[in-house]
Amino acid sequence: GAAAAQLRQRLENELEDIRGAGTWKSERVIASRQGPHLRLAGSGDGIINFCANNYLGLSSHPEVIRAAVEALEKFGAGLSSVRFICGTQSIHKDLEEKIARFHQREDAILYASCFDANAGIFEALLTPEDAVLSDELNHASIIDGIRLCKANKYRYKHMDMQDLEAKLQEAQKHRLRLVATDGAFSMDGDIAPLREICQLAQKYDALVFIDECHATGFLGPNGRGTDELLGVMDKVTIINSTLGKALGGAAGGYTTGPKPLIDLLRQRSRPYLFSNSLPPAVVGCASKALDLLMESNAIAQSMAAKTQRFRSKMTAAGFTISGKDHPICPVMLGDARLASVMAEDMLKRGIYVIGFSYPVVPKGKARIRVQISAVHSDEDIDRCVDAFTEVGRKHGAL
Ligand code: PLP
């Protein structure tokens with residue numbers, strides 16, 4: 001009685017604080033499949049969606065859906081087991097082999113999510129004798145993964161190569177140095193300077209780890225990711241990425257890299273050892289998405305032109321778009337309330353975008369994040385730019 005009542009009161013106070021701080025996150029309900037055009041509960045049909053990570057439009061691709069149904073029929077709903085006890089099917093091994101081939105790495109290991117892949121890798125790989133150097137704006141899951149390991153921790157300023165070099169010099173006293181960075185940063189749409197990072201890593205005898213969640217499938221001539229885009233595929237040692245964004249969007253994550261590392265993760269990585277296998281339907285989706293990408297680079301390439309169209313038209317209209325050459329296009333507005341009312345007004349015009357403000361992004365740097373997908377038509381993009389122009393004028397943002 002008393003403890004439960006006390007807990008309820010404490011939770012209600014905490015929720016009230018979140019509302020009071022204006023940082024409450026509410027969830028819109030989608031009443032259709034994921035895609036460039038949605039039905040939204042409360043807003044109706046024909047909403048143009050600019051806020052999913054569905055970069056290649058594969059989330060509802062007919063062949064991806066068919067592959068999932070076939071895998072479900074043939075291999076069942078799920079494994080009711082972790083991988084090493086009774087949870088590995090041929091499709092799991094096939095997908096791991098395909099991921100390694102896609103990234104041109106020796107081997108790969110699947111996880112239930114990239115969050116799990118990031119939670120598992122640092123603890124399994126690094127000891128108190130080692131060091132990890134992490135970009136200050138890395139994704140929350142990298143930060144949490146690093147928290148779980150006992151290595152010496154260095155945080156360098158966002159994409160600041162002078163600071164990284166200083167930290168690498170400090171870290172020379174440790175046995176092994178691992179530089180960890182997002183390949184593409186999801187809040188700003190900026191791309192890590194991997195060429196420079198790899199040069200520094202070579203100079204100071206360090207390894208490079210990248211999180212490619214916002215790059216796999218569409219950055220680089222064949223969609224291999226940031227390492228392909230910047231010509232350093234042979235210099236990045238470890239890649240973690242997701243199957244939950246461009247690669248079909250169902251769920252799942254992985255690590256790909258040297259075989260002994262992958263072997264060690266299968267023995268030691270806690271989110272791998274103590275969590276259920278990926279369900280067959282999910283494996284089917286990702287496997288088909290990779291087939292489509294390996295058959296032709298046309299899908300990956302279609303992304304760049306769409307992104308360019310949006311970025312140049314918005315800039316010409318007078319908006320500031322953060323980042324460069326990435327389908328994450330943050331429309332910088334500064335004021336949190338402005339970002340929020342503009343996003344609401346955009347939805348009234350049939351354009352679904354989301355405003356981001358503190359604490360998700362720094363104070364005074366509120367923005368509306370637009371994400372372009374290869375399956376947006378030129379007309380979709382132009383309608384989005386027109387709506388921004390109208391709404392921006394109305395609220396004095398232009
Ligand atoms: N890393 C980055 C950079 C991400 O953006 C995300 C997803 O938001 C993750 C990791 C986690 O990926 P998953 O959804 O597969 O857990």
Side-chain angles (χ1 to χ4, degrees), residues 25 27 34 51-56 58-59 95-96 99 102-103 108-123 132 134-148 158-159 179-192 194 197 208-219 225-227 229 236 238-257 265 269-272 274-279 281-283 285-287 289-290 322-323 326-330 354 356 359-361 367 369-373:
K25 291 177 279 303
E27 298 175 2
Q34 181 62 279
C51 48
N53 304 305
N54 183 19
Y55 295 112
L56 297 173
L58 298 181
S59 301
L95 179 56
E96 286 171 339
I99 289 168
F102 180 77
H103 286 287
I109 175 174
L110 289 171
Y111 285 88
S113 69
C114 186
F115 202 108
D116 279 353
N118 286 342
I121 185 146
F122 300 101
E123 190 193 19
V132 56
S134 172
D135 187 294
E136 64 179 348
L137 292 192
N138 275 342
H139 188 261
S141 54
I142 300 177
I143 295 170
D144 284 7
I146 290 174
R147 273 192 195 139
L148 290 171
H158 181 47
M159 304 205 312
V179 180
T181 180
D182 279 7
F185 290 84
S186 62
M187 281 302 135
D188 292 290
D190 48 4
I191 293 169
L194 281 190
I197 289 175
V208 177
F209 160 96
I210 55 176
D211 174 324
E212 288 282 90
C213 284
H214 294 278
T216 301
F218 58 92
L219 284 191
T226 317
D227 58 343
L229 179 76
V236 170
I238 307 164
I239 294 175
N240 276 8
S241 193
T242 186
L243 306 170
K245 299 191 197 296
L247 299 184
Y254 58 85
T255 297
T256 184
L265 291 172
S269 176
R270 293 167 68 83
Y272 179 81
F274 300 108
S275 187
N276 199 15
S277 301
L278 270 188
V282 167
V283 175
C285 289
S287 195
L290 284 168
S322 167
H326 195 281
I328 292 175
C329 304
I354 292 281
F356 288 84
V360 181
V361 295
R367 65 201 64 181
R369 186 175 74 171
V370 173
Q371 287 171 284
I372 305 296
S373 169

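Since the structure is predicted, the reported quantities are computational estimates derived from the model, not experimental observations. Read the numbers this way: they start at 1 and go in the same order the structure lists the ligands and their atoms. Computation of the quantities below employed the complete heavy-atom set of this structure, encompassing side-chain atoms and omitting hydrogens, waters and symmetry-equivalent molecules.
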Legend entry - Candidate list D211, T256, T255, D116, test side-chain hydrogen bond (donor to acceptor under 3.5 Å, both in side chains), partner N240, passing option: T255
Inset, instruction - Give the minimum heavy-atom separation between P330 and M187, together with the two atoms involved. - result: CG-O, 3.4 Å
Inset, instruction - Under 4.0 Å, heavy atoms only, figure out whether ligand 1 is touched by the backbone of S113, its side chain, both or neither. - result: both
Inset, instruction - Check whether any heavy atom of S141 sits under 4.0 Å from an atom of ligand 1. - result: yes
Inset, instruction - Just say parallel, tilted or perpendicular for the rings of H103 and Y254, cut-offs at 30° and 60°. - result: tilted
Legend entry - Single hit among L247, T242, L243 for side-chain contact (heavy atoms from CB on, under 4.5 Å) with K245: T242
Inset, instruction - Give the residue and atom name of whichever protein heavy atom lies nearest to atom 7 (C) of ligand 1, and the separation in Å to one decimal. - result: K245 NZ, 2.7 Å
Legend entry - Distance from atom 9 (C) of ligand 1 to nearest protein heavy atom, with residue and atom: H139 CE1, 3.5 Å
Legend entry - D182, portion touching ligand 1 at heavy-atom distance under 4.0 Å: side chain
Legend entry - Pairwise distance CD1(I197) to CG(L194) - rounded to 0.5 angstrom: 5.5 Å
Legend entry - F115 neighbourhood, listing ligand 1 atoms whose heavy-atom distance to it stays under 4.0 Å: 11 (C), 12 (O), 13 (P), 16 (O)
Legend entry - Taking atom 1 (N) of ligand 1 as the reference point, the nearest protein heavy atom with its distance: D211 OD2, 2.6 Å
Legend entry - Protein contact to atom 14 (O) of ligand 1 [nearest heavy atom, distance to 0.1 Å]: T242 OG1, 4.2 Å
Inset, instruction - Classify the angle between the aromatic ring planes of H158 and F185 as parallel (below 30°), tilted (30 to 60°) or perpendicular (above 60°). - result: perpendicular
Inset, instruction - Please report which non-hydrogen protein atom sits nearest to atom 13 (P) of ligand 1, along with the residue it belongs to and the distance in Å to one decimal place. - result: C114 N, 3.5 Å
Legend entry - Nearest protein heavy atom with distance in Å, relative to atom 5 (O) of ligand 1: H214 NE2, 2.7 Å
Legend entry - Point-to-point distance, once rounded to the nearest 0.5 Å, from OH of Y111 to CD1 of I121: 6.5 Å
Legend entry - Enumerated ligand 1 atoms positioned under 4.0 Å from heavy atoms of G252: 15 (O)
Inset, instruction - Calculate, to the nearest 0.5 Å, the distance between atoms CG and NE2 belonging to D144 and H139 respectively. - result: 9.5 Å
